[in-house]
**Student:** 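Dropping a structure here in structure tokens format, bear with me for questions.
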Amino acid sequence: MIHLVCASNRAYRQHMCAMLSSVILNTSEQLSIHILNNDFSEADKNHVTATFQEYSSVDLYYYTVNDQVLAGINIIAEHLTIQTLYRLLSPVLLPSDIDKVLYLDCDIIVEDDIGKLYAIDLEDYHLAATNELSYKMIELLELDDNTHYFNAGVILINLKKWREEVFWLTCRDFAFTYPDKIVYGDQDILNGVLRGNWKRFHLKWNCISDFKYFQDRYSDYFGTKEVEQAISYPSIIHYVGSLKPWHAFCPHPDQERYFYYLDYIKYSYFRYPELTFLRQLEHKKIVLFGASTAGGFNVEKFREFGFNVSYFCDNSSDKWNTVFCGVEVISPSELLTLEDTVIFITSMYAKEITQQLSGLGLVEKQDFYDLSSIWKFGYEN
């Protein structure tokens with residue numbers, strides 16, 4: 001028997017079902033799935049249960065979390081919600097006879113039998129996880145080694161040890177003491193408390209995009225063979241960051257795997273609602289701010305969805321009056337000479353460019369948008 005726990009809200013129900021579909025279809029053992037939530041109605045629960053009712057190897061259990069228990073715990077990252085903290089409550093909420101549980105985020109697709117991961121002997125460790133070389137957080141948490149920080153999207157939890165030590169209270173005390181260090185919610189709480197004292201498993205069981213983008217860096221720490229295996233044959237794909245596979249402009253190369261598992265269970269969904277919003281603006285000339293790698297990816301996405309990009313804009317003067325990806329590059333000052341345009345920021349420096357464009361008298365959410373957040377407007381319309 002494998003005990004799996006995940007945390008969701010109504011808005012994430014679809015994504016949770018995609019994740020659970022990938023787990024169920026790739027796992028041979030009996031599964032007890034424990035769903036932590038704060039707003040599921042009986043209809044929501046019935047919908048999820050009905051989605052997986054044909055799989056006799058699956059039992060679903062629902063737990064309603066009182067968010068007041070987590071009051072006062074800070075989360076700095078804007079794309080995270082309070083649900084990210086729910087896994088800290090697993091030893092309190094789940095039955096006391098469950099000694100071990102595998103926690104999975106809902107922005108995950110599983111491509112292997114999780115029974116292999118669940119079989120890991122936790123020994124006397126609080127949890128098992130795998131690494132993320134987040135130098136920013138390693139420095140902020142003052143960890144002794146770059147390999148001491150883990151990603152908490154996939155963790156094997158020693159519930160018995162957590163209960164014996166009332167570990168949840170230790171985590172809460174850390175969060176209250178160091179609110180400025182809790183950028184990624186429970187992930188930073190757990191890393192700050194454990195400080196490298198956790199068991200490590202293979203990178204393939206939590207493959208994040210950083211492995212590919214910073215392959216040399218990860219290879220220096222964990223070896224070329226392990227990193228290449230994680231990239232080429234991931235057992236678990238983790239779509240970290242603010243852009244998820246259900247977003248039209250998601251850059252992840254394995255974006256379609258998310259839809260594969262939704263389609264397999266015949267889940268009814270509306271693909272890319274943000275495109276409805278964009279089509280309200282298609283009469284305007286489209287300008288992408290940022291003639292860079294990301295800009296090149298996004299111009300191809302616009303073309304794929306049937307939109308024509310008129311210009312690129314960039315702050316680098318050496319790019320002005322050149323052609324990038326078949327599109328003319330103009331200077332920021334030239335934006336003011338254009339009529340009937342809409343600007344989408346594709347640069348990683350979105351906050352700074354937002355201030356720059358506002359300084360030119362342009363209005364956010366009218367004259368320009370941060371492309372990485374455009375999906376929000378699709379749900380508002």
Side-chain angles (χ1 to χ4, degrees), residues 2-24 27 31-53 55 58-75 77-96 98 100-110 114 127 152-157 159 162-163 167-168 171-172 175 182 184-187 189-190 236 238-240 242 244-246 258 261-262 265 267-270 375-376 379:
I2 295 173
H3 289 281
L4 172 69
V5 67
C6 60
S8 182
N9 56 24
R10 297 190 73 191
Y12 248 62
R13 189 183 67 183
Q14 170 182 309
H15 318 316
M16 179 191 74
C17 285
M19 181 273 287
L20 292 179
S21 170
S22 71
V23 172
I24 293 167
T27 301
L31 285 162
S32 283
I33 299 172
H34 307 269
I35 300 172
L36 313 183
N37 72 93
N38 67 339
D39 62 356
F40 275 19
S41 66
E42 287 305 311
D44 293 324
K45 296 174 187 177
N46 291 337
H47 180 267
V48 175
T49 299
T51 299
F52 299 107
Q53 65 182 355
Y55 300 99
V58 177
D59 294 307
L60 296 169
Y61 303 94
Y62 302 90
Y63 305 80
T64 302
V65 179
N66 181 355
D67 288 348
Q68 284 302 114
V69 177
L70 301 165
I73 297 181
N74 192 39
I75 304 174
E78 294 180 359
H79 69 281
L80 296 180
T81 63
I82 194 169
Q83 280 74 34
T84 192
L85 300 174
Y86 286 1
R87 76 203 78 180
L88 298 177
L89 299 174
S90 296
V92 179
L93 296 173
L94 270 59
S96 59
I98 301 175
K100 178 170 70 172
V101 69
L102 176 63
Y103 173 88
L104 295 181
D105 273 347
C106 290
D107 59 345
I108 271 173
I109 289 299
V110 175
I114 62 168
L127 59 83
V154 180
I155 49 175
L156 191 60
I157 300 174
L159 286 185
W162 282 34
R163 291 194 189 99
F167 187 62
W168 142 245
C171 292
R172 188 185 66 175
I182 314 303
Y184 299 108
D186 66 295
Q187 178 166 294
I189 294 170
L190 290 169
I236 292 179
H238 189 181
Y239 303 101
V240 296
S242 57
K244 304 299 184 183
W246 50 88
Y258 165 81
Y261 285 105
L262 270 185
I265 56 175
Y267 196 98
S268 178
Y269 63 94
F270 180 46
W375 62 270
K376 298 177 182 177
Y379 287 95

**Student:** Quick one: closest heavy-atom pair of A175 and I73, and the distance?
**Tutor:** CB-CG2, 3.8 Å
**Student:** What distance do S41 atom OG and N46 atom CG have between them, rounded to the nearest 0.5 Å?
**Tutor:** 8.0 Å
**Student:** Could you check I114, I108, V110 and say which one makes a side-chain contact (heavy atoms from CB on, under 4.5 Å) with V154?
**Tutor:** I108
**Student:** Is any side-chain N of the basic residue among R10 and D44 closer than 4.0 Å to the acidic one's carboxylate O?
**Tutor:** yes
**Student:** Would you please classify the geometry between the H47 ring and the Y267 ring as parallel, tilted or perpendicular, with 30° and 60° separating the classes?
**Tutor:** perpendicular
**Student:** Specify whether H15 and Y258 have parallel, tilted or perpendicular ring planes, treating 30° as the upper limit for parallel and 60° as the lower limit for perpendicular.
**Tutor:** tilted
**Student:** Taking all non-hydrogen atoms of both residues, which atom of C6 and which atom of Y103 are closest, and how far apart?
**Tutor:** CA-CE1, 4.0 Å
**Student:** What closest approach, in Å, do W375 and S242 show between heavy atoms, and which atom pair accounts for it?
**Tutor:** NE1-O, 4.4 Å
**Student:** Is a side-chain donor or acceptor of K100 paired with a backbone partner of L156 at a separation under 3.5 angstrom?
**Tutor:** no
**Student:** In Å, rounded to the nearest 0.5 Å, how long is the span from CD of Q14 to SG of C106?
**Tutor:** 11.5 Å
**Student:** Spell out, as yes or no, whether a donor-acceptor pair under 3.5 Å connects the side chain of N37 to the backbone of V65.
**Tutor:** no
**Student:** Could you tell me whether the side chain of L85 reaches within less than 4.5 Å of the side chain of I189, counting heavy atoms only?
**Tutor:** yes
**Student:** Can you tell me how far the SG atom of C171 sits from the CG atom of L89, to the nearest 0.5 Å?
**Tutor:** 10.0 Å
**Student:** Output the distance between atom OH (Y62) and atom CD1 (I35), rounded to the nearest 0.5 Å.
**Tutor:** 4.5 Å
**Student:** Mind listing the closest non-hydrogen atom pair of V101 and H3 along with its distance?
**Tutor:** CG2-O, 3.3 Å
**Student:** Hey, what do you get for CG (D105) to CD (Q83), rounding to the nearest 0.5 Å?
**Tutor:** 11.5 Å
**Student:** Parallel, tilted or perpendicular: which describes the rings of F52 and Y55, with under 30° parallel and over 60° perpendicular?
**Tutor:** tilted
**Student:** Using only atom types and a distance under 3.5 Å, with no angle test, would you say the side chain of R87 pairs donor to acceptor with the backbone of I157?
**Tutor:** no
**Student:** Give, for atom CG of D186 and atom CG of L88, the distance between the pair rounded to the nearest 0.5 Å.
**Tutor:** 5.0 Å
**Student:** Side chains of I155 and L190: does their closest heavy-atom pair fall under 4.5 Å?
**Tutor:** yes
